[in-house]
2 protein chains.
Amino acid sequence: MSRMMEEIREQPEALRRTFEAERGHAAEFKKFAAGRDFRLIVLVARGTSDNAALFGRYLLEIATGIPVSLCAPSVHTLYNARLDFRRALVIGISQSGAGTDINMVLRNARKQGAFTVAITNEAKSEMARLTDETFLARAGKQRSVAATKTYTCQLMLLYLMAFALGNQIELGEVNKIPGHVSQALKLAAEIREIVQRYRYMRQCAVVARGLNYANAFELALKLMETCYVVAERFSSADFLHGPIAMIERDFPVILFAPPGKAFVGQRLLLRKLAGLRAETIAITSTDVRLPEATRMIRIHGKIKEIYSAIPYIVPGQIFAAQLAEVKGLDPDRPRSLKIVTQTV
Amino acid sequence: MSRMMEEIREQPEALRRTFEAERGHAAEFKKFAAGRDFRLIVLVARGTSDNAALFGRYLLEIATGIPVSLCAPSVHTLYNARLDFRRALVIGISQSGAGTDINMVLRNARKQGAFTVAITNEAKSEMARLTDETFLARAGKQRSVAATKTYTCQLMLLYLMAFALGNQIELGEVNKIPGHVSQALKLAAEIREIVQRYRYMRQCAVVARGLNYANAFELALKLMETCYVVAERFSSADFLHGPIAMIERDFPVILFAPPGKAFVGQRLLLRKLAGLRAETIAITSTDVRLPEATRMIRIHGKIKEIYSAIPYIVPGQIFAAQLAEVKGLDPDRPRSLKIVTQTV
């Protein structure tokens, strides 16, 4: 079994450890935050962690009402902008906590008046040292180049941040997420069959919306890194504003379609794609019917949409890891990549 | 000549008209904004206008020091979040001013305390009616489905916003932009030769960083809409965090590489891509040497990086319009698209 697949399977445990270890910390931070009146949240990250940040962008606005900005690191590292970060909470997200540019942004943000938080897997990292507060992922050492368990543990910590900063996240529901992930892992055998069909897939689009939008980016990144598939990622709304023109017969489109507010739009898009005779793969729930989909991967169990992002990426991770193997590639040795990438 | 190509050529005039008509308005708005102390700018858009917003995200932070957030419309339209928009300036960008979801966000933002601005090409649009202030693009009627002149006129108005909200933009320099665009248009004959080579290109990546990052999105969108090329778009920093794994011999990568702060990183990436024997097309300046590039499209004349985004997209627009024709496609009739797309 690949390291990537091993780490995918470690997720229920990793998520449980992370939740248990940091829930008390989150409750303390909730008291602290109540006194600070944060008016802006800025998320700073790269690569897979930036996909976690994209999730945070939706979750934190929806659950706290505080506007969120995804940081453009070059604004700080190349153009030396000085931003007004009074009453801003700036959260760095990094598996290793070692990214030079991200840490440079955090250091500047602190000088410019921000309160800074690290979400990292490494307690002794530079990021943990230089920020005011660290929320620590307990994913265990990441040995796979393609990040899986660190992504979902980052999402878990973003739930705790949303709990701390607002009043819409219930810890009792967050506590159920590792169980949902265990359910999703049971789909591995079924997905192993399905990926055969995509042995020769060279390009595809991954489409989602709202609380699963970040998962489209994350699955596309896994497909690029481990399967060398040219995978585009879109919000279903933006997809209709142009990119749909490139969809022709056979073009594969993977859709995240959990039940919830974003579902109706995904179903409409699926119908439109069926009309264009595209190939569609829906990652969805056993609770819904999507007869237009060419293939469905369906997660069992009732999961409220706001808690769906972690379990729903899991079939995507498995899909990428197994497709790589079916294509004769080693998902643990992507070309041209290392675990930690330095950019400024 | 296609309508798309006609509208590309109308840009110097359209930009000049827009600048002349709104510069006084921007100077007035500068006085008004000085009294408001905006702490956050939120940009709301879809499709090509969202690429303009992405440019605004960089320009406004760099030139004004006010943090910028790109709005996720679904947070408002699907999840009904109520955001704290006190002291926020919320700017809607839309060619038609008719996008249902964008207008819904603007209406909500106003209720939640924001000052709202419309950047649109249609004076009588719903967006112009419902916002506090309208900055009007004078692009002339858009008849091409693929937006070109409306994109650059939106960028022009974002320069005027950056002038009004900060002190780094000089109107004398902005005034030179139409002239730079005229220079860039002279590359049309050369680009017509170059595109022959890409007659059978089915996929590519477009890579840029910082102030030209939005142009990567915009060129990729034009290639998807008019040429049906599966065009990925990346920041060069993010590109190294994963997607570079999919690059193999012959894979085409288009890079925006104007002289400036982002140039060194682009040149490093170009070298790395040359090492992987990828095909590279650099949109750059006659002032620089990039011997590793497979093909270069070089703009004449000194252009400061902060004023480069409008002239640098022009060779990209021409590339897409002419590649469509070389592929036997009509750039004015993209499959599955209309000029105005409604989403909620």
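Remember, it's a predicted structure, so these values are computed and weren't measured experimentally. Here is how names work: the chains are called A, B, and so on, in the same order as the sequence lines, proteins then strands, and each is numbered from 1. Values reported hereafter were calculated over all heavy atoms of this structure, with side chains retained and with hydrogens, waters and symmetry mates removed.
Most heavy-atom pairs under 4.5 Å with chain A, from the set A81(B), P334(B), P67(B): that is P67(B). Each of A231(A), A147(A), G265(A), G260(A) has some count of heavy-atom pairs under 4.5 Å with chain B, and the biggest count is that of A231(A). When V75(A), D50(A), L83(A), V42(A) are compared by the number of non-hydrogen pairs under 4.5 Å with chain B, L83(A) comes out ahead. Per-residue heavy-atom pair counts under 4.5 Å with chain A were compared for L211(B), L70(B), L40(B), and the maximum is reached by L211(B). If you tally non-hydrogen atom pairs under 4.5 Å between each of N80(A), L268(A), L221(A), L276(A) and chain B, the highest count goes to L221(A).
Among the residues in residues 244-253 of chain A, those with a non-hydrogen atom closer than 4.5 angstrom to a non-hydrogen atom of chain B are I244(A), A245(A), M246(A), I247(A), E248(A), F251(A).
Within 6.0 Å of the CZ atom in R82(B), the count of heavy atoms belonging to other residues, nucleotides or ligands does not exceed 12. Annotation: R335(A), atom CZ; neighbour count of heavy atoms from other residues, nucleotides and ligands within 6.0 Å is above 12.
Just one of Q95(B), E225(B), K222(B) meets the side chain to side chain donor-acceptor pair (under 3.5 Å) condition when paired with T48(B); it is K222(B). For the side chain to side chain donor-acceptor pair (under 3.5 Å) test with S236(A), the passing option among R267(A), K272(A), R209(A), Q266(A) is Q266(A); the others fail.
With a threshold of 4.5 angstrom between heavy atoms, V229(A) approaches chain B through N, CA, C or O but not through any side-chain atom. Contacts between F85(A) and chain B at a heavy-atom distance below 4.5 Å involve the side chain alone, from C-beta outward. Heavy atoms of E305(B) lying under 4.5 Å from chain A belong exclusively to its side chain.
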TODO: Give the C-alpha distance, both sets of side-chain angles, the deciding distance and a yes or no for side chain to side chain contact (heavy atoms under 4.5 Å, CB included) between S69(A) and R57(A).
DONE: CA-CA 7 Å; S69(A) 168; R57(A) 190 245 174 287; over 6 Å; no
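Remark: R333(B) engages D330(B) in a salt bridge (Lys or Arg N to Asp or Glu O under 4.0 Å) (not counting sequence neighbours). Residues that satisfy the ring pair (Phe, Tyr, Trp, His ring centres under 6.0 Å) test with Y213(A), not counting sequence neighbours, are Y58(A), F217(A). Checked against side-chain contact (heavy atoms from CB on, under 4.5 Å), R86(B) has the following partners two or more places apart in sequence or in another chain: R39(A), D84(B).
Using modelled atom types and a 3.5 Å distance limit, the side chains of T150(A) and Q142(A) yield a donor-acceptor pair.
Across H76(B) and V105(B), no two heavy atoms sit closer than the pair CB-CG2, 3.9 Å.
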